[in-house]
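Inspection log for the structure reproduced underneath, given as structure tokens.
Numbering of ligands and ligand atoms starts at 1, following listing order.
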Amino acid sequence: MDNKLPKLKRLCAVNDVSGFGKCSLTVALPVVSATGVECACIPTALLSTHTGEFTGWTFRDLTDQMLPIARHWASLGLEFDGIYSGYLASPEQALALEELIGALAGPDTLVICDPAMADNGVYYSGFDDGMAAAFRRLCARADLITPNVTEAALLSGVEYRAAPHSREYIESLFAGLEKHAGRYVAITGVHPAEGVIGTVLRDRVLGETSEDMSPALPGMFYGTGDIFASSLAALLVRGAHVSDALAAASALVRESIERTYERGTPRPWGVDFEGALPAYIRRVERIFASERA
Ligand code: PXL
């Protein structure tokens, strides 16, 4: 019988499980699935919560599981359309991830690296320049990287500047990232002016730049980088045009933050993306209107 449906695209998400706080795998799984892409996962660590604003979190490193899982999958002949990584617990995990990519990626596998290590000019708990060096190597291997402004500064060696971010400053980050990135570079958390925040995305092959800006709500929201990167990764893996993918991923983040704000959810608990998923799925359906998933 002829298959009536196109092949389901498959993304491998390499990220931690923070049991509470809606970040990393606990958002990547629902967001990738809502994009109509299969999400296989390699958990890199198990934490009780993310490490931002909580204290006393538990942590179990799973680095020793990463390669055995990848090798088992390779022995099954599984193929991956994308490999997406986020927060990594240590520079050693970045090395394991390089090997993992070697074991699982084919010539057409899209590699997406979100160098999640810092925000607002400072490293996340437990990280230092060793992590930036490890991410620099990984990002050089990736087709898409999604650093925030702080991470772009740390990767590129350009000085970090707080808002407002001028066009010249963002250009200097893109220039500094040249050797540490593949085709697509999305710099998130760009504040061009008071009360405005968004992402500037450069397609380095076509030399095209797209951006998505929204009114900024005050405060720092956890997990939004993970929601954005997993959505953008899944949309590109499914074959969306990069500007459609940027608009849909940005709208999902914006609506998730709005709901969190309107509900008064404590910020460390993560953003309320659940209620934003139906509109996201409708947007995804419009992008891929000509095919059925
Ligand atoms: O959302 C990024 C992230 C992921 N995983 C863990 C974190 C953070 C940010 O603080 O602590 C464990």
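- For the residue pair T146 and Y184, no side-chain donor N or O sits within less than 3.5 Å of a side-chain acceptor on the partner.
- In this structure, the side chains of Y261 and E258 stay at 4.5 Å or more apart for every pair of heavy atoms.
- Shown are I101, I112, T44; of these, the side chain to side chain contact (heavy atoms under 4.5 Å, CB included) with V14 is made only by T44.
- Scanning all protein heavy atoms for the shortest distance to atom 2 (C) of ligand 1 gives D226 OD2, 3.5 Å.
- The nearest heavy-atom contact from the protein to atom 9 (C) of ligand 1 is Y124 CE1, 3.7 Å.
- Within the 4.5 Å cutoff, side-chain heavy atoms of M117 are placed close to those of L155.
- Paired with Y87 under the rule ring-ring contact (aromatic ring centres under 6.0 Å, His included), one option of F135, F59, F127, Y222 passes, and it is F127.
- Taking the six-membered ring where tryptophan is involved, the planes of H165 and H191 are tilted, since the angle between them lies from 30° to 60°.
- Between T51 and ligand 1, at least one pair of N/O atoms sits closer than 3.5 Å.
- Residue contacts with ligand 1 include S18, since one or more of its heavy atoms lies under 4.0 Å from the ligand.
- Around CD of Q65, the count of heavy atoms belonging to other residues, nucleotides or ligands within 6.0 Å exceeds 12.
- Contact between S24 and ligand 1 is present, with at least one heavy atom of the residue lying under 4.0 Å from the ligand.
- Any N or O atom pair closer than 3.5 Å counts here, and D16 shares at least one such pair with ligand 1.
- Closest to atom 8 (C) of ligand 1, if we only count protein heavy atoms, is Y87 CD1, 3.7 Å.
- When non-hydrogen atoms are compared, ligand 1 lies under 4.0 Å from the side chain of C23 (C-beta onward) but not from its backbone.
- Looking at L47 against ligand 1, only its side chain comes within 4.0 Å, counting heavy atoms.
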